[in-house]
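Presented below is the structure to which this report refers.
Every number for a ligand or one of its atoms is a count from 1 in the order of the listing.
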Amino acid sequence: MDEERRAELERIKASYPAGTLLDEAQVPPYTLLDPLICADGTPVTEAATWWDKRRPEVFRLCEEQLFGRSPEPRAGMRFELRSVDRQALEGRATRKEVRIYLTDGDLPKIDLLLYIPNDVSRPPATWVGLNYLGNQSITDDPGVSLFDGWVPDMGRFGRGDMGIVDNRATERSRNTWPGSMPVEQLLARGYAVASACCGDIAPDRPDVFDHGVFTAYLKQGETPAPDEWGVLAAWAWGMCRMLDYLVTDPDIDPARVIAHGTSRLGKAAFWAGALDTRWGAISPNESGCGGAALSRRRFGETVARINTTFPHWFCEAFHAYNGNEDALPFDQHMLIALSAPRPIYIASAEDDLWSDPRGEFLGALGADPVYRLLGTEGLAVSEMPAVHGPVHSPLAYHLRAGGHGVNDWDWEQFMDWADERVG
Ligand code: GTR
């Protein structure tokens with residue numbers, strides 16, 4: 001490592017809170033639970049035992065002690081096609097706006113934006129990902145409705161230029177966050193794209209339980225029980241309601257719908273994939289703590305840190321493991337295994353130490369035996385690959401240069417892999 005890079009890494013490390021474990025040599029010894037041993041000690045040697053016995057156990061652990069249980073959709077849930085333009089984006093795509101009513105009333109709802117490429121010979125695969133600032137923020141298409149709900153004040157993040165005023169999206173917020181779901185690139189590669197604002201499902205703030213989907217299930221002032229859903233589970237659940245619509249739309253292929261998300265939305269994408277096996281593939285990028293990164297390593301963001309900074313994200317039961325990772329009856333490789341045998345792409349960035357890139361790789365590696373048991377090639381490597389050396393097996397992994405986020409290089413990899421693995 002040259003001097004310049006060493007200094008850069010030191011700068012990155014210094015930017016994290018004091019006391020954060022950022023040195024591989026200091027990772028404490030830990031024992032990784034075997035995903036293929038049942039709670040009663042029975043080893044899982046056949047796919048049927050995974051499906052009938054072990055997967056339900058692992059699912060329940062992650063459900064009751066990590067994300068929290070979510071309810072069945074309400075009777076009365078329905079879809080309203082609010083607009084269709086078959087010549088959107090200069091004729092390149094069909095644009096639909098669909099409102100998903102989650103009860104028989106007007107609220108709560110999710111406004112789904114869908115683009116389908118026009119020049120395709122069969123119904124395409126679809127990438128689904130939430131956005132932060134409203135559907136208008138991912139495209140310059142003036143036909144997209146402005147989001148009408150609460151969004152984070154970007155000024156607080158030094159981004160007063162993103163068109164958010166008093167926590168509302170204005171016209172100036174159009175196309176201010178295009179990278180999160182790169183509509184044009186995905187369409188150009190023959191994919192459909194669906195998105196909705198995560199804040200439409202549940203605004204990312206501690207008083208969230210009085211807002212969004214929670215209002216259909218909780219009374220004002222009530223909070224979920226310790227094993228019931230937090231915000232990440234609500235986002236995942238909302239993605240599944242988007243899928244409920246998508247599988248009814250004849251313009252896309254219902255068997256090839258991919259759950260994508262970066263960071264907190266990557267954690268949600270994981271849980272969406274676990275909740276609902278109709279997702280054809282899962283793409284969690286830099287999902288870190290509570291996502292792909294093994295909690296027992298305590299590297300970067302820890303369980304205590306995430307539960308303190310974002311007390312509304314996971315279920316309350318998860319807070320019992322603050323500073324007590326070895327007591328967890330699961331680790332994140334088991335969350336990853338809930339997607340098996342469906343293709344999954346776990347991606348990290350070299351300088352995103354907060355997300356623990358090595359812990360994310362080890363999470364993927366820990367899920368590999370389940371993928372193999374279910375008859376796939378799993379993860380094609382057992383050593384962490386070099387920067388920009390993507391591994392596009394069914395259980396895929398890459399490490400990108402640079403920091404936290406998602407960029408064009410990431411998306412090129414995701415699409416190359418999906419071309420091959422999702423068809
Ligand atoms: C961080 C959080 C991470 C990750 C990230 C993001 O502040 O600690 O777990 O979710 O936010 O979503 O960008």
Side-chain angles (χ1 to χ4, degrees), residues 12-13 15-22 62 66-68 129-133 137-138 151-154 156-159 162 164 176-181 195 197-199 201-206 208 230-236 238-239 259-272 282-315 318-319 321-323 325 328 331-332 335-336 346-360 363 400 402-407 410:
I12 293 166
K13 288 183 178 177
S15 71
Y16 296 122
T20 306
L21 197 165
L22 295 165
C62 293
L66 181 61
F67 291 104
L130 300 176
N131 61 69
Y132 290 110
L133 300 184
S137 68
I138 63 168
V151 289
D153 170 10
M154 297 307 292
R156 278 182 43 227
F157 304 99
R159 294 303 309 267
M162 290 181 85
I164 304 303
T176 49
W177 206 321
S180 58
M181 286 306 283
S195 193
C197 183
C198 62
I201 304 168
D204 193 358
R205 50 191 236 212
V208 61
V231 165
L232 295 171
W235 290 343
M239 289 176 77
H260 170 81
T262 289
S263 208
R264 65 197 73 187
L265 300 179
K267 306 181 213 286
F270 259 124
W271 191 235
I282 301 98
S283 159
N285 178 53
E286 294 163 32
S287 56
C289 182
L294 296 176
S295 297
R296 279 172 170 72
R297 283 169 50 80
R298 303 153 174 88
F299 190 103
E301 187 173 33
T302 59
V303 173
R305 170 69 65 171
I306 204 166
N307 282 334
T308 306
T309 317
F310 305 103
H312 53 296
W313 278 9
F314 295 96
C315 70
F318 189 49
H319 294 220
Y321 302 101
N322 291 352
E325 289 84 351
L328 279 163
D331 210 329
Q332 300 307 118
L335 171 69
I336 299 171
I346 291 163
S348 311
E350 190 185 21
D351 294 346
D352 179 20
L353 300 179
W354 193 239
S355 299
D356 186 12
R358 176 167 294 278
E360 294 181 312
R400 166 177 59 70
H404 191 63
V406 61
N407 68 15
D410 291 312

Item to complete: Name the closest protein heavy atom to atom 7 (O) of ligand 1, giving the residue it belongs to and the distance to 0.1 Å.
Response: Phe310 CZ, 3.5 Å
Worksheet item: What atoms in ligand 1 come closer than 4.0 Å to a heavy atom of Trp313?
Response: 9 (O), 10 (O)
Worksheet entry | Heavy-atom pair of closest approach, residues Ala234 and Ala202 | CB-CB, 4.2 Å
Worksheet item: Is Asn285 close to His260 at the side-chain level, that is, under 4.5 Å between some pair of heavy atoms?
Response: yes
Worksheet item: Should the proximity of Leu265 to ligand 1, defined as any heavy atom under 4.0 Å, be assigned to the side chain, the backbone, both, or neither?
Response: neither
Worksheet item: With a 4.0 Å cut-off on heavy atoms, is Arg305 touching ligand 1?
Response: no
Discussion item. Which label fits Phe67 and Phe314: parallel for a plane angle under 30°, tilted from 30 to 60°, or perpendicular past 60°?
Written reply: tilted
Discussion item. Out of all atoms in ligand 1, which are within 4.0 Å of some heavy atom of Ile306? Include the element for each.
Written reply: 9 (O)
Worksheet item: Out of curiosity, Leu21 CG to Tyr16 OH, how far, rounded to the nearest 0.5 Å?
Response: 13.0 Å
Practice prompt. For the residue pair Val151 and Tyr132, establish whether any side-chain heavy-atom pair is separated by less than 4.5 Å.
Written response: no
Item to complete: Using a 4.0 Å heavy-atom threshold (strictly under), name the region of Glu301 that reaches ligand 1: side chain, backbone, both or neither.
Response: side chain
Worksheet entry | Sub-4.0 Å heavy-atom contact, Glu286 with ligand 1 | no
Worksheet entry | Close-contact set for ligand 1 against His404 heavy atoms, below 4.0 Å | 5 (C), 6 (C), 13 (O)
Worksheet item: Would you say the side chain of Leu328 lies within less than 4.5 Å of the side chain of Arg296, judging by non-hydrogen atoms?
Response: yes
Item to complete: Among all protein heavy atoms, pick the one closest to atom 5 (C) of ligand 1 and tell me residue, atom and distance.
Response: Ser263 OG, 2.9 Å
Worksheet item: Taking all non-hydrogen atoms of both residues, which atom of Ala236 and which atom of Ala268 are closest, and how far apart?
Response: CB-O, 3.4 Å
Item to complete: Measure the distance from atom 11 (O) of ligand 1 to every protein heavy atom, then report the residue, atom name and distance (to 0.1 Å) of the closest one.
Response: Arg264 NH2, 3.0 Å
